[in-house]
Asker: 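Below: one structure in structure tokens.
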Amino acid sequence: MSVTPDMLRPHEHSAGGAMPPEETPLAALLSVMPAHDGADEQVDWDAMRRAWGVGFPSDYTAFMATYGAGGIDDAFGVFTPEATTQAPDGPGFGSMAGETAIMRHIWATEGGPDGVSASPDSVIAWGSSCGADITGWVAVAEDPDKWQVIVWERHGWPHWKIYDCGMVEFLRRLFAEGFDACPLSDASLWGEPAPHFVHWREEQRRWESGIDPYTGEPNPYFGMEFD
């Protein structure tokens, strides 16, 4: 199925954060957010395709090979690809399968974005913010590189917004204030000139060492027990 104008209504964005035409989205993102603390996720994309029934966008696969999954300034998380659509037990926060299930449930029970004649099963989540927003794709085009980014903004109105770009370009525009308004409930990364990405394994290692993964400072709560 291909995307038609009446199926998807892209959210308007400004040209202020335009990417130079000679740069790929990943190269443009790397110039803003280095991958020093990233790691190749070494994803079995054939297994992913079998599990989800679709391929995945090339910018996302390139992101996984360069950065991997992890956090950005402790304000946004990009999910580890999972070769399962089965949501985990419990809330399912912070996983592709779990957040996809949440996104689809919201769409099915509260309604989806205006002007989109797709089913809830068409969305796949790839990230979430510290403001409890969920970012994903509307996976209706046969070519995954034509999937548009969809955001369920918890504290925004309307909650659903669609952006005519891929996930890598979405992040770059977020940092460059390249939309009419911040697409997330939390504006920590809006216009951030030097976002810091940390792979989830390195993030975990630093926390376990008593170090804040993003500032490098000692974690004042390390070793403390809470009731």
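The residues of the chain are indexed from 1 along the displayed sequence.
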Asker: Donor-acceptor pair, distance only, cut-off 3.5 Å: does the side chain of Thr215 make one with the backbone of Glu217?
Answerer: yes
Asker: Okay, side chain of Thr135, backbone of Gly127: is any donor-acceptor separation there less than 3.5 Å?
Answerer: yes
Asker: Starting from the C-alpha separation in whole Å, work towards a yes-or-no answer on side-chain hydrogen bond (donor to acceptor under 3.5 Å, both in side chains) for Asp186 and Ser188.
Answerer: CA-CA 6 Å; Asp186 179 84; Ser188 299; 2.4 Å; yes
Asker: List in chain and number order the residues that pass ring-ring contact (aromatic ring centres under 6.0 Å, His included) with Trp107, two or more places apart in sequence or in another chain; answer none if no residue qualifies.
Answerer: Trp160
Asker: Using side-chain contact (heavy atoms from CB on, under 4.5 Å) as the criterion, list what pairs up with Pro213, not counting sequence neighbours.
Answerer: Glu203, Arg206, Trp207
Asker: Under the side chain to side chain donor-acceptor pair (under 3.5 Å) rule, collect the residues that match up with Glu153, sequence neighbours excluded.
Answerer: Lys161
Asker: Any idea which heavy atoms bring Pro195 and Asp73 closest together, and the distance?
Answerer: CA-OD2, 3.6 Å
Asker: Please tell me if the side chains of Arg173 and Cys165 come closer than 4.5 Å, counting only heavy atoms from C-beta onward.
Answerer: yes
Asker: Hydrophobic clusters here meaning ILVMFWY residues chained together by side-chain heavy-atom distances under 4.5 Å, can you tell me if Trp200 and Ile211 are in one?
Answerer: no
Asker: Compare every heavy atom of Pro113 with every heavy atom of Ile150, then report the nearest pair and how far apart it is.
Answerer: CD1-CG, 3.9 Å
Asker: To the nearest 0.5 Å, what is the distance between CD1 on Ile106 and CD on Glu110?
Answerer: 6.0 Å
Asker: Specify the closest pair of heavy atoms between Pro144 and Pro57, including all atoms of both residues, with the distance to one decimal.
Answerer: O-CG, 3.4 Å
Asker: Arg205 and Glu208: salt bridge (charged side-chain N to carboxylate O under 4.0 Å, His left out), yes or no, with the steps?
Answerer: CA-CA 5 Å; Arg205 185 194 69 79; Glu208 292 173 351; over 6 Å; no
Asker: For a quick test of reading the model, state the closest non-hydrogen atom pair linking Ser119 to Ser122 and the distance between them.
Answerer: O-OG, 2.7 Å
Asker: For His159, give me all partners under ring-ring contact (aromatic ring centres under 6.0 Å, His included), at least two apart in sequence or on another chain.
Answerer: Trp152, Trp157
Asker: List the residues meeting ring-ring contact (aromatic ring centres under 6.0 Å, His included) with Phe76, not counting sequence neighbours, and say none if there are none.
Answerer: Trp126
Asker: NE2/His36 to CG/Leu30 distance, rounded to the nearest 0.5 angstrom?
Answerer: 9.5 Å
Asker: Run the side chain to side chain donor-acceptor pair (under 3.5 Å) test against Asp40 and tell me which residues pass, sequence neighbours left out.
Answerer: none
Asker: Do Gln148 and Tyr163 come within less than 4.5 Å of each other through their side chains, counting heavy atoms only?
Answerer: no
Asker: Measure the shortest side-chain to side-chain distance between Trp137 and Val123 over non-hydrogen atoms and say whether it is less than 4.5 angstrom.
Answerer: no
Asker: Looking at every non-hydrogen atom in both residues, tell me the closest pair between Pro81 and Val43 and how far apart they are.
Answerer: CG-CG2, 3.7 Å
Asker: Walk me through whether Arg49 and Val54 qualify under side chain to side chain contact (heavy atoms under 4.5 Å, CB included).
Answerer: CA-CA 5 Å; Arg49 179 187 289 272; Val54 292; over 6 Å; no
Asker: Check whether Glu41 reaches the backbone of Ala69 with its side chain - one donor and one acceptor, N or O, closer than 3.5 Å.
Answerer: yes
Asker: Can you pull out every side chain to side chain donor-acceptor pair (under 3.5 Å) where at least one residue sits in residues 56-69? Sequence neighbours excluded, please.
Answerer: Ser58-Asp145
Asker: For the pair Trp147 and Phe56, name the ring-plane relationship: parallel under 30°, tilted 30 to 60°, perpendicular over 60°.
Answerer: perpendicular
Asker: Taking side chain to side chain donor-acceptor pair (under 3.5 Å) as the definition, give me every residue that meets it alongside Ser31, ordered by chain and number, with sequence neighbours left out.
Answerer: none
Asker: Do you know which two heavy atoms are closest between Lys146 and Ala141, and how far apart they sit?
Answerer: CB-CB, 3.9 Å
Asker: Look up atom CG in Leu174 and atom CE in Met167, then write down how far apart they are to the nearest 0.5 Å.
Answerer: 11.5 Å
Asker: Any side-chain heavy atom of Leu189 within less than 4.5 Å of one from Phe175?
Answerer: yes
Asker: Would you indicate whether the side-chain heavy atoms of Phe197 and Pro34 approach each other to under 4.5 Å?
Answerer: no
Asker: Just jot down the side-chain contact (heavy atoms from CB on, under 4.5 Å) partners of Thr100, sequence neighbours excluded, or say none.
Answerer: Trp52, Met96, Arg104, Ile124, Ala125
Asker: Linking Ile, Leu, Val, Met, Phe, Trp and Tyr through side-chain heavy atoms less than 4.5 Å apart, which residues share a cluster with Tyr214?
Answerer: Val198
Asker: List for me each residue that meets side-chain contact (heavy atoms from CB on, under 4.5 Å) alongside Ala27, sequence neighbours excluded, and say none if there are none.
Answerer: Glu23, Thr24
Asker: Measuring only between side-chain heavy atoms, which start at C-beta, is Met64 closer than 4.5 Å to Val78?
Answerer: yes
Asker: Start with the C-alpha gap between Ile134 and Val151, add the side-chain angles, then the distance that decides, and say whether side chain to side chain contact (heavy atoms under 4.5 Å, CB included) holds.
Answerer: CA-CA 6 Å; Ile134 310 174; Val151 176; over 6 Å; no
Asker: Side-chain contact, heavy-atom cut-off 4.5 Å: Arg50 with Asp46?
Answerer: yes
Asker: If you round to the nearest 0.5 Å, how far is OG1 of Thr85 from CE of Met48?
Answerer: 10.5 Å
Asker: Tell me, please, which residues at least two apart from Asp133 pass side chain to side chain donor-acceptor pair (under 3.5 Å).
Answerer: Ser129, Ser185
Asker: Just so I know, are the side chains of Thr80 and Ser95 near enough to count as touching, which here means a heavy-atom distance under 4.5 Å?
Answerer: no
